[in-house]
Amino acid sequence: MQHVLTDELTVRCVELVDLRDRVTDASGLQRPAFCQVDDTIHDNRAFGRLVVSELLDRGL
């Protein structure tokens, strides 16, 4: 399902910040370092810092 969304956004020239390779484990689940302590689905501040860092690196 994710590829459908990313493919469509790419066709529309929408730049994506795709951090999946950096924040997920071998099974595709988000690593604990980037999750809320009691919630493995939602991101934490470490994830937010990673997003901001990526945006700054891109000059946004």
ask   = Quick one: which of D38, D39, T40 gives a side-chain hydrogen bond (donor to acceptor under 3.5 Å, both in side chains) with H42?
value = D39

Is [X] linked to [Y] within one hydrophobic cluster, defined over Ile, Leu, Val, Met, Phe, Trp and Tyr using a side-chain heavy-atom separation of less than 4.5 Å?
X   : Y   : answer
L5  : I41 : no
L29 : L19 : no
L9  : V17 : no

Nearest 0.5 Å, please: how far is [atom2] in [Y] from [atom1] in [X]?
X   : Y   : atom1 : atom2 : result
R12 : D7  : CZ    : CG    : 12.5 Å
L55 : E15 : CG    : CD    : 8.5 Å
R45 : R49 : CZ    : CZ    : 7.5 Å
C35 : D43 : SG    : CG    : 7.5 Å

Looking only at non-hydrogen atoms, find the nearest pair between [X] and [Y] and report the distance.
X   : Y   : answer
R22 : L50 : NH2-CD1, 3.0 Å
N44 : Q36 : CA-NE2, 3.6 Å
R31 : T24 : CG-C, 3.7 Å
A46 : A33 : CB-O, 3.6 Å

request  = Please report the C-alpha distance between D18 and Q2 in whole Å, then the side-chain angles of each, then the deciding distance to 0.1 Å, and finally whether the side-chain contact (heavy atoms from CB on, under 4.5 Å) criterion is met.
outcome  = CA-CA 11 Å; D18 187 354; Q2 290 179 3; over 6 Å; no

